[in-house]
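In this text, all values refer to a predicted model and were calculated from it rather than measured experimentally. Numbers for residues simply follow the sequence, beginning at 1.
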Amino acid sequence: MFFFRGNSNAPFAICNAGGGFSYVGAMHDSFPHALELSKQGYNAFALIYRPGDAYEDLVRAITYIYDHADELGVSRTGYSLWGGSAGARMAATLGNSANLRSLTGRTDLPQVSAVIMQYTGYTTVSPYDGPTYACCGTSDGIASWRTMQSRLESLSALGIPTEFHSYNGLPHGFGLGTGTVAEGWLQDAVRFWQSQSGATAIRSAKANTRQQDSVYSLNGIRRNTMQRGINIVDRKKIIH
C-alpha cells in the first residue's frame, strides 16, 4: 500500500486500480485519485494488489488499516472504497457487509460508508451492498454505462443510497477526467461520501462547477432538492 497522508484522524479511502486482474494500472487509476483525496485532507491508500489474489489483498488492506489506525493516524469510521474497472469490482465486493464479514471472518469491522466505482460491468445486487456512487463514459466499449445505471437503480430500489453519472462520448479508463467533460467527478464523489457518513477532512467538497446540472423527477418536474437514487445522464439529474 502507498499511503497519501491527509489530516490526522481524518477518514481513509482505499483506491484500487483497474487492469483486468492481469496488471495494476496504479499510475493512471489509483495514484492520482489518492493524491487528490490527500490534498483535500483525507487519508488515502493506493493498493498494489496481486492480480490473482486481488480480493484477498483488499481484505488484508482493510483489516491492516483498521487494526493500525492509531499508528497510522486515521479514523476507523467513515471509510470509503474506490476503484476503476477491475478495482471497482473489488470495491463493490468488499463494500458489501456480508462479503466483508465472510472474507475477513470478523464482526468488528464497520461496513464501508461509500463505494466509489468507475467504469465496470459489475451487476451483482444485494441488500447488504453499501451506498454507491458510480460513473462511466457513454462510449465505453468495455463497461456499458447502461449496465452501471441499471445496477444502481436496483440498489436504490432496495433503499440503498446511490448516485450515477454518465459522461457523453468518454471511453473506458478516463481516470480523473482532467480536460474532459468528466473533470470534477471526484469532487462529486467526495460529496456523496460525505453525505453518507459525515466524513469530513478539511472542508466540504465543492460541487463540480463544469456542469450546470438540473434536477428532475421521473415525470420531468424540476426539483430543488436531491434525494436517494440520483442518475445524471447528459447533465440532467433523474431522481428515483
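At distances below 3.5 Å, at least one donor-acceptor pair connects side-chain atoms of R5 with backbone N or O atoms of L72. Between the side chain of S102 and the backbone N or O of N99, no donor-acceptor pair lies under 3.5 Å. Checked by atom type and distance alone, the side chain of H165 never pairs as donor or acceptor with a backbone atom of A134 at under 3.5 Å. Judged purely by atom type and a 3.5 angstrom limit, S85 has no side-chain atom pairing as donor or acceptor with the backbone of G87. A side-chain donor-acceptor contact under 3.5 Å links T104 to the backbone of L100. Here the side chain of N43 pairs a donor or acceptor atom with the backbone of A10 at under 3.5 angstrom.
Counting only heavy atoms from C-beta outward, the side chains of M1 and I65 approach each other to under 4.5 Å. In this structure, F192 and V190 have side chains that are not in contact, with every pair of non-hydrogen atoms separated by 4.5 Å or more. Contact annotation: the side chain of L170 never approaches that of T138 to less than 4.5 Å [non-hydrogen atoms, C-beta and beyond]. Proximity of M90 to L81: side-chain heavy atoms (C-beta onward) are nowhere separated by under 4.5 Å. Between D140 and P171 there is no side-chain heavy-atom pair separated by less than 4.5 Å.
Summarising the geometry, atom CD belonging to Q196 is positioned 8.0 Å from atom OG belonging to S113; distances are rounded to the nearest 0.5 Å. Summarising the geometry, atom SG belonging to C135 is positioned 4.5 Å from atom OH belonging to Y133; distances are rounded to the nearest 0.5 Å. For the atom pair C136 SG and L152 CG, the distance stands at 11.5 Å (nearest 0.5 Å). Atom CD1 of I116 is separated from atom CG of L37 by 9.0 Å, given to the nearest 0.5 angstrom. Atom CZ in F174 sits 9.5 Å away from atom CG in D29 (nearest 0.5 Å). With rounding to the nearest 0.5 angstrom, the CD atom of Q149 is 11.5 Å from the OG atom of S156.
Checked against the 6.0 Å centroid criterion, the rings of F4 and Y42 do not qualify as a close aromatic pair. Checked against a 6.0 Å centroid threshold, the rings of W145 and Y167 do not count as neighbours.
Remark: S139 engages no residue in a side chain to side chain contact (heavy atoms under 4.5 Å, CB included) (not counting sequence neighbours). Residues satisfying the side chain to side chain donor-acceptor pair (under 3.5 Å) criterion with Q111, sequence neighbours excluded, are absent altogether. Legend: residues meeting side chain to side chain donor-acceptor pair (under 3.5 Å) with N9, ordered by chain and number and at least two apart, are absent. Among residues two or more places apart in sequence or in another chain, the salt bridge (Lys or Arg N to Asp or Glu O under 4.0 Å) test is passed with D129 by R151. Residues satisfying the ring-ring contact (aromatic ring centres under 6.0 Å, His included) criterion with F45, sequence neighbours excluded, are F3. Looking at residues two or more places apart in sequence or on another chain, you find a side chain to side chain contact (heavy atoms under 4.5 Å, CB included) between P110 and Y66, Y79. Evaluation of the side chain to side chain donor-acceptor pair (under 3.5 Å) rule for T178 yields no partner, not counting sequence neighbours. The side chain to side chain donor-acceptor pair (under 3.5 Å) check on S80 picks up W82, with sequence neighbours excluded.
Note on I142: it does not cluster hydrophobically with F164, by side-chain heavy-atom contacts below 4.5 Å among ILVMFWY residues. Grouping the Ile, Leu, Val, Met, Phe, Trp and Tyr side chains by contacts below 4.5 angstrom, directly or via other members, places Y64 with I62. Note on V125: it does not cluster hydrophobically with Y128, by side-chain heavy-atom contacts below 4.5 Å among ILVMFWY residues.
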Candidate pair F12 and I14, rule side-chain contact (heavy atoms from CB on, under 4.5 Å), full reasoning: CA-CA 7 Å; F12 70 88; I14 302 177; 4.0 Å; yes

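Summarising the geometry of H28 relative to P32, their closest heavy-atom pair is O-CG, 3.7 Å, with the distance given to 0.1 Å. Here the closest non-hydrogen pair linking L158 and P127 is CD1-N, 3.8 Å. The two atoms that bring G20 and A86 nearest to each other are N-CB, 3.8 Å, heavy atoms only. Heavy atoms only, all atoms of each residue included: C15 and S30 are closest at O-CB, 3.7 Å. Taking every heavy atom of both residues into account, A91 and G83 meet most closely at CB-N, 4.3 Å. Taking each heavy atom of A88 and T120 in turn, the nearest pair found is CB-CG2, 3.6 Å.
Checking Q187 against Q40 by side-chain atom types alone, a donor-acceptor pair falls below 3.5 Å. A side-chain donor-acceptor contact under 3.5 Å links H33 and Q118.
For residues 83-103, the set of pairs meeting the ring pair (Phe, Tyr, Trp, His ring centres under 6.0 Å) definition, not counting sequence neighbours, is empty. For residues 118-128, there are no salt bridge (charged side-chain N to carboxylate O under 4.0 Å, His left out) pairs, not counting sequence neighbours. A salt bridge (charged side-chain N to carboxylate O under 4.0 Å, His left out) check over residues 81-95, counting only residues at least two apart or in different chains, returns nothing.
Other residues, nucleotides and ligands place more than 12 heavy atoms under 6.0 Å from the CZ atom of R106.
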Review item, side-chain donor-acceptor pairs of residues 46-55, under 3.5 Å, at least two apart:
from : atom 1 : to  : atom 2 : distance (Å)
Y49  : OH     : A17 : O      : 2.7
R50  : NE     : D57 : OD1    : 3.2
R50  : NE     : D57 : OD2    : 3.0
R50  : NH2    : D57 : OD1    : 2.7

